[in-house]
Structures are given as C-alpha cells and as structure tokens.
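What's counted below: heavy atoms across the whole structure, side chains too, no hydrogens, waters or symmetry copies.
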Amino acid sequence: MKNQLILTAASVGALSGCTQQENRPKDLNVIYILADDLGYGDLGCYGQTKIHTPNIDRLAAEGMLFTQHYAGCTVSAPSRSALMTGQHTGHTPIRGNKGGTGDDGVEGQHPIPADTYTLGKMFRQAGYVTGTFGKWGLGSPGSEGDPTYQGFDEFFGYNCQALAHKYYPTHLWHNREKMLLDGNDLAHTAQYSHDIIQERTLDFIRRNKERKFFAFLAYTLPHAELLVPEDEIIEAYRGRFEEKPYAAKSGDYSPEGKHPIHYCSQPEPRTSFAAMVTRLDRYVGEVTELIDSLGLRERTIIVFTSDNGPHREGGADPDFFGSYGPLRGIKRDMYEGGIRVPMIARCPGLIAEGTRTDFVSAFWDVLPTFADMAGAEIPANVDGISMLPTLFGQEGQREHEYLYWEFHENGGKTAVRTGNWKGIRLNVGKDPQGPIELYDLSTDIHEDRNVADEHPEIVRKIAEIMRTARIPSPLFNFGQANGAM
C-alpha cells in the first residue's frame, strides 16, 4: 500500500491552518450527497458490473476517488451525527438509532441537542445559504434536533427516519410544515417521494445560483423498502437476474431491532435494488448537469458518499451484487464492509481529474475540511482533520493517530483503526474488557486472519484507545450505567 496509508499522530487541537490562508479557495458552493446503505462495491467506479452508474462514474472520472474513506458509524443516525458534528461516535451526541416520541407517536427520533455545533450552523455563520433535502434522522419534527434549528435555512423531506422506510409516504416535511401527498396510502402509490424531493433540490440550486450555498442531499436510496416507480429504469433490468420473489418476514426489523417492519418491497428484489441505485445515479446526474448548465462548474465542490455499508433488509442481496466489494461485512458490522464507504469529490480546476487517494479519512473530517475552506473557526472538540491538502493537491496533509467507532446494537461493538491495524471488540455490553480481534489491513483487507495472539502489544494499544476515546453518554453506554466501560 502507498505511504499515505500509514497514519501518524496529529494534535486535534491544531486542526486549523492546515492550508495557507492565501491558498484557500473563496466562496465555493458545496453539494454533499449522502446515499443510504449504499455499499463500497455498488458503483461502477468501485468495481460494480451488474448495476449501471454512469453519472457517478463520470463524477469520479472528473474528480478524486477515495479508497479508504469511512462512515461515522455502521447505521444511519450516529453516522449522520458524526458527519454533522465533526466528532466520532465516542463523542458525538447521537450514537445509535434511538427512537424518541413524536407528536403523532410515530415520528420519533432522539434529537441532537439544541446547542450542538453542526455543519449547517458552520456554513450559515460563514455566510452560506443552507438547505437539506431527503432524510434528516436527527430529531423528530419540531424538536430541538429539527434541521431548521440546526443551521439549515430550508429543509424538505423525511424528518424522522422511521417515516423514511417508505417511498410512498402519506406526507413529507417542508421546514416544520407537514406536506400531505395526495393519493399515497396503503393501497395507492401516486407520488414517489424522491421525485418530489429531487424537484425541490433542483429548485433550491436554481434559486440560489447567485449566492454561495451549501446543499446537503441525503437520499434514502437504496435503503429498504426496495421500491421504485414502474418506468424505463426498472424495465431495463427486468429479466436480467434470477429472482426469488420477496415476501415480508419476521426477520424484517426497525433500525432499533425491536419493532417488526413489513416492507412493501417489489417482488423482484434484485431488479428493484439495481433500479434504485441507477435512479440514485440519475438524480446525481441531474444535479451535476444543472450545476454545469448554470455556469457553476468551477465554483462548486460536489461530494458523493454513503452513510454505512450495504443492507439485507426488504429482500436486498448484497452477496449477489458484491455490494461490499473486496471487504468483509455489511451494515451493523464493524468489519470494513460495514463502515468503509465510497467517496468521490469533484471541483474542476481545484481537484485533479481522474485521481485516486489512499488517504484514510472519516465523516468527522468533513466539518473541519469545509470550515478550513470557508475560513470558519474549527471547534477544539472536533475529532476530524481538514482534508483540503489531499483534495487540492497541496502539501501538509495531517493524518489521524487513530479512528474510533462504537455501535449500540447486537450486544455492542467497538472498533479502532491505527495505521494498518484494525481492532474489533464484540459483545461490549456483556464484556467491556472482552477479547479484541486484530487484523492487518495491509495484507488482509477482508479481515480473515485474526492475529491478536501474535501482536499482544498492538492489542494493548488498541484496548487503551477503546478505553480513552469515548466520554460517557446519558443515553449510549452499551446498556450499562452512565460512565461504565
């Protein structure tokens, strides 16, 4: 592997100033596109052969592809919390898919606290108009975690992720106003949510073309349910795959793993999944083409990534598509397939075309990166580092001493990457000091050979990181009393 893969210690307190002030680009628009449950291997530019993604592949050809970028967590809400706060899951306020209580008793999502410094607040303070479209998932409507209270001038989409399991919901949210979707109920599917969300996204870009803007586009595709309109996209895949008709079963659960969900997936799950990814690709193409047509091509950074690894819910078949690529694991795993995700960045004239980087990065690097770009102050409590030197081909890129994750389902899991070493501890809730699996990613990217017994000194180092990398949480302590670990 390249030398960039080897991580060195970096002071979190010295994050600002990693690019020289006079070299910092000014007034760039930022479009950050977040797919939902899209695997490392689901895109053509990452090796996918069964699914067509020409627009995202073109984005990679015109920009930079990251081979070692990591999500904030292995499920949705904590991953988004890490993205919004610049803090890993040992520090960020939302560390699991914990439900709350919405006014209707259904749309409940535990809110990110009111005083949280978020990516939206940073951009707004830097003079940007801010909008988020799609799935929020960090607070129920009207709660302190509502996106309109967290730095976004405009929001349209799913406020709570429980509603986001449906592509033909009865309503969406525009800011704090419920927007009813006529014709959508259990028997009728008239309005596909993401077509409406896409219209609002493109309108936001057009309305703000003369201003600098930040658009956070959080599509739920290809999260279950597996459901797309009956149009030319799905027709192009029909008959290409051997299918086992999908039927909802007792194994379909909510993100918290407690309440059964009966996904209304289409009966041809492989066909539907492929069509969902290609539909996502179409949306990305529409955004990119609009930016170019408005003359904003060289004034806009477009980033594309996913919130965690691929899923199996609703009939999805990551084994058939090789959705995890060369990696092991899927959503809810701490193996690489659960947390390593695609990331592509394009900004012609600033990001070199057709480049790839092995730089090791994570969601908590996004806030300090764009704060560095915008000339905003980077809070001392962030865990991330600015990626601008890597993105813009400059010298002086800082690197992480380690990356840390924790996960509060399936018995509790923690993981650490330091250099080429990856450590994973399972069943943390029952055994906080339990055994650590150790893998050398430079020779074992699939994490097949646990070498913990051969490197006790590395295991001790990782155990110490796991002990010290987190602070107690009022809600997330692996089911133990506050502060236990």
Side-chain angles (χ1 to χ4, degrees), residues 4-5 30-76 79-80 82-83 134-135 216-223 273-274 276-285 287-288 301-311 316 318 321-331 333 335-347 351 353-366 369 387 390-391 403 405 417 441 445-446:
Q4 277 187 312
L5 179 62
V30 176
I31 297 177
Y32 188 92
I33 304 173
L34 185 67
D36 199 336
D37 292 1
L38 184 81
Y40 187 86
D42 278 328
L43 303 174
C45 52
Y46 281 86
Q48 178 60 233
T49 59
K50 296 182 174 72
I51 303 173
H52 297 301
T53 55
N55 295 299
I56 298 172
D57 297 346
R58 186 181 310 117
L59 203 67
E62 295 176 351
M64 179 177 289
L65 183 148
F66 283 66
T67 64
Q68 299 193 80
H69 186 66
Y70 289 90
C73 192
T74 189
V75 293
S76 183
S79 196
R80 290 156 201 266
L83 173 68
K135 170 179 161 181
F216 175 41
L217 314 183
Y219 301 107
T220 62
L221 298 161
H223 190 292
F273 180 84
M276 292 176 81
V277 176
T278 296
R279 193 173 202 86
L280 170 66
D281 181 79
R282 173 183 285 187
Y283 293 149
V284 173
V287 169
T288 304
I301 295 180
I302 300 176
V303 176
F304 177 90
T305 188
S306 177
D307 67 346
N308 47 246
H311 67 95
F321 288 107
S323 294
Y324 32 69
L327 311 174
R328 173 186 178 184
I330 60 172
K331 179 180 181 179
D333 287 329
Y335 299 108
E336 293 288 284
I339 53 176
R340 192 188 294 203
V341 292
M343 176 177 158
I344 298 161
R346 189 199 83 163
C347 188
I351 298 175
E353 291 188 3
T355 51
R356 298 169 68 94
T357 179
D358 295 332
F359 177 65
V360 179
S361 56
F363 272 21
W364 46 95
D365 295 328
V366 174
T369 297
M387 299 181 286
T390 292
L391 288 169
L403 302 177
W405 299 266
R417 175 167 179 176
L441 296 180
I445 194 174
H446 197 259

For this session: For the pair I344 and V303, evaluate side-chain contact (heavy atoms from CB on, under 4.5 Å) and give the outcome as yes or no after the intermediate values.
Result: CA-CA 6 Å; I344 298 161; V303 176; over 6 Å; no

Exercise. Going from CZ on F304 to CG on L34, what distance comes out if it is rounded to the nearest 0.5 angstrom?
Worked result: 8.5 Å

Seminar exercise, completed: Those residues at least two apart in sequence (or on a different chain) that pass side chain to side chain donor-acceptor pair (under 3.5 Å) with D37 are N308, K331

For this session: Given ring pair (Phe, Tyr, Trp, His ring centres under 6.0 Å), test Y40 with Y46 step by step and report yes or no.
Result: CA-CA 7 Å; Y40 187 86; Y46 281 86; 5.0 Å; yes

Exercise. Partners of T288 by side chain to side chain donor-acceptor pair (under 3.5 Å), sequence neighbours excluded?
Worked result: none

Seminar exercise, completed: Note: P326 and H446 closest approach over all heavy atoms is O-CD2, 3.5 Å

Exercise. For R58, what residues pass the side chain to side chain contact (heavy atoms under 4.5 Å, CB included) criterion, not counting sequence neighbours?
Worked result: N55, E62

For this session: Taking all heavy atoms of G39 and all of P310, pick out the closest pair and write down the distance.
Result: CA-CD, 3.6 Å

Exercise. Looking at G329 and Y324, what are the two nearest heavy atoms and their distance?
Worked result: O-CB, 3.5 Å

Exercise. Which atom names give the shortest non-hydrogen contact between A71 and D307, and what distance separates them?
Worked result: CB-O, 3.2 Å

Exercise. Any donor-acceptor pair under 3.5 Å linking the side chain of T53 with the backbone of D281?
Worked result: no

For this session: Provide the closest heavy-atom pair for W405 versus G72 in the form atom of the first, atom of the second, distance.
Result: CD1-O, 3.3 Å

Problem set entry | V341 backbone acceptor or donor facing S306 side chain under 3.5 Å | no

Exercise. Would you say V366 and M343 make side-chain contact, with heavy atoms under 4.5 Å?
Worked result: no

Exercise. Stepwise, does the side-chain contact (heavy atoms from CB on, under 4.5 Å) test hold for F66 with T390?
Worked result: CA-CA 10 Å; F66 283 66; T390 292; 4.2 Å; yes

For this session: Quick one: list whatever passes side chain to side chain contact (heavy atoms under 4.5 Å, CB included) with A274, sequence neighbours left out.
Result: I51, Y237, F241, F321

Problem set entry | N/O donor-acceptor pair under 3.5 Å between E336 side chain and R328 backbone | no

For this session: Flag the pair L221 / V277 as yes when at least one side-chain heavy-atom distance between them is below 4.5 Å, and no otherwise.
Result: no

Problem set entry | Exam field: side chain H223 to backbone H311, donor-acceptor pair closer than 3.5 Å | no

Exercise. Any luck finding a side-chain donor-acceptor pair between T369 and D365 under 3.5 Å?
Worked result: no

Problem set entry | Donor-acceptor pair, side chain of R80 and main chain of K135, under 3.5 angstrom | yes

Exercise. Could you walk me through whether L38 and L43 pass the side-chain contact (heavy atoms from CB on, under 4.5 Å) check?
Worked result: CA-CA 9 Å; L38 184 81; L43 303 174; 3.9 Å; yes

Seminar exercise, completed: Taken in chain and number order and not counting sequence neighbours, the residues that satisfy side chain to side chain contact (heavy atoms under 4.5 Å, CB included) with T74 are I339, F407

Exercise. Just by modelled atom types, is the T357 backbone N or O under 3.5 Å from a matching donor or acceptor in the T67 side chain?
Worked result: yes

Exercise. Among Q68, M64, M387, H69, which one satisfies side-chain contact (heavy atoms from CB on, under 4.5 Å) with F359?
Worked result: M387

Exercise. Out of curiosity, L280 CG to I56 CD1, how far, rounded to the nearest 0.5 Å?
Worked result: 4.5 Å

For this session: List for me each residue that meets side chain to side chain donor-acceptor pair (under 3.5 Å) alongside Y283, sequence neighbours excluded, and say none if there are none.
Result: D195, R279

Problem set entry | Minimum-distance pair of heavy atoms, taken over all atoms of C73 and S79 | N-OG, 3.4 Å

Problem set entry | Separation between OG of S323 and CD1 of I330, rounded to the nearest 0.5 Å | 9.5 Å

